[in-house]
Amino acid sequence: MHEFGIAEAILTAVEKRADGRRVRRARVHAGALLRVTEPAINQAFSSIADGSVAEGAHVELVIVPVRVTCRSCGSTSTSTDPFAVCAGCGDTDLDTEGGDDLVLESIQLAEASHVPGNSRRDRGNPVGPS
């Protein structure tokens, strides 16, 4: 399953951004040509993230369309289907642009009170033993 390689890349980016803090959720944009689904990526991510700051985290996957241009009729469109055909003439001789991106958009931390620079905590509301 190629999802494990993608899950490893996501975990690397999540760990870097989390900076040691526990992660509850990650939102990822994945190009249509990567051919991944949310259930498959979450299954792989669950295995890969075991024992990390992202253990138990859920990956929310947003599929980014690929831009296709037909070599036969010149029609241009976008598609989230990696096996797209030309919307104009039905041909399969297509040039593609994009659709292979993998971008970590955001993470949701499990404990927001531990975020550095939390203005409420910095204003005299100490956390922990006095």
Side-chain angles (χ1 to χ4, degrees):
M1 284 181 22
H2 74 288
E3 287 86 3
F4 281 95
I6 294 169
E8 286 176 338
I10 293 169
L11 179 59
T12 298
V14 165
E15 287 178 324
K16 185 176 180 181
R17 187 171 293 172
D19 195 27
R21 298 168 290 182
R22 299 279 307 151
V23 176
R24 179 179 303 172
R25 181 181 321 260
R27 183 176 171 97
V28 176
H29 288 229
L33 295 181
L34 293 179
R35 300 178 184 159
V36 294
T37 64
E38 193 166 308
I41 203 65
N42 272 291
Q43 181 179 9
F45 190 78
S46 177
S47 295
I48 298 296
D50 192 32
S52 75
V53 296
E55 182 174 359
H58 176 78
V59 176
E60 180 183 343
L61 198 60
V62 177
I63 302 298
V64 179
V66 61
R67 181 180 168 95
V68 293
T69 303
C70 182
R71 290 183 180 172
S72 296
C73 72
S75 176
T76 300
S77 62
T78 59
S79 176
T80 57
D81 182 356
F83 304 106
V85 297
C86 175
C89 70
D91 201 341
T92 58
D93 191 15
L94 307 172
D95 287 323
T96 60
E97 183 180 327
D100 58 353
D101 304 344
L102 184 64
V103 177
L104 174 62
E105 178 187 294
S106 63
I107 62 172
Q108 179 184 14
L109 299 174
E111 298 180 27
S113 64
H114 291 144
V115 176
N118 183 329
S119 61
R120 287 187 286 170
R121 196 172 101 212
D122 292 346
R123 290 189 190 146
N125 291 332
V127 176
S130 298

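- The two atoms that bring G74 and T69 nearest to each other are O-CG2, 4.1 Å, heavy atoms only.
- Closest approach of A32 and P82 over heavy atoms only: O-CB, 3.5 Å.
- H2 is listed as a side-chain neighbour of V36, based on a closest heavy-atom distance under 4.5 Å.
- Rounded to the nearest 0.5 angstrom, I107 CD1 and R27 CZ are separated by 14.5 Å.
- Side-chain contact between C86 and S72 is absent, with no heavy atoms from C-beta onward closer than 4.5 Å.
- Under the 4.5 Å side-chain criterion, counting only non-hydrogen atoms from C-beta, R71 is in contact with D95.
- Counting heavy atoms from C-beta on, the side chains of C89 and S75 never come closer than 4.5 Å.
- With rounding to the nearest 0.5 angstrom, the OG atom of S47 is 11.0 Å from the CG atom of N42.
- Taking each heavy atom of I48 and A7 in turn, the nearest pair found is CG1-CB, 4.0 Å.
- Of the inter-residue distances, the one linking I41 atom CD1 with E60 atom CD reads 13.5 Å to the nearest 0.5 angstrom.
- Judged purely by atom type and a 3.5 angstrom limit, T12 uses its side chain to pair as donor or acceptor with the backbone of E8.
- Considering only heavy atoms from C-beta on, R21 stays 4.5 Å or farther from V53 through its side chain.
- When side chains are defined from C-beta on, I6 counts as touching L102, because their heavy atoms get closer than 4.5 Å.
- Side-chain atoms of F4 and Q43, non-hydrogen and from C-beta on, never get closer than 4.5 Å to each other.
- The closest side-chain donor-acceptor pair between E38 and H58 falls under 3.5 angstrom.
- Proximity of L104 to R17: side-chain heavy atoms (C-beta onward) are separated by under 4.5 Å at one or more points.
- Among all heavy-atom pairs drawn from D91 and D93, the shortest one is OD1-N, 3.2 Å.
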CA sep, side-chain torsions, deciding dist, call: E105, V28, side-chain contact (heavy atoms from CB on, under 4.5 Å): CA-CA 5 Å; E105 178 187 294; V28 176; over 6 Å; no
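- Minimum heavy-atom separation, A54 to R22: N-NH1, 4.4 Å.
- Taken together through direct or relayed side-chain contacts under 4.5 Å among Ile, Leu, Val, Met, Phe, Trp and Tyr, I10 and V64 form parts of separate hydrophobic clusters.
- Considering every non-hydrogen atom in both V85 and G90, the closest pair reads CB-O, 3.8 Å.
- Using a 4.5 Å cut-off between side-chain heavy atoms of Ile, Leu, Val, Met, Phe, Trp and Tyr, V68 falls into a hydrophobic cluster with L33, V66, L94.
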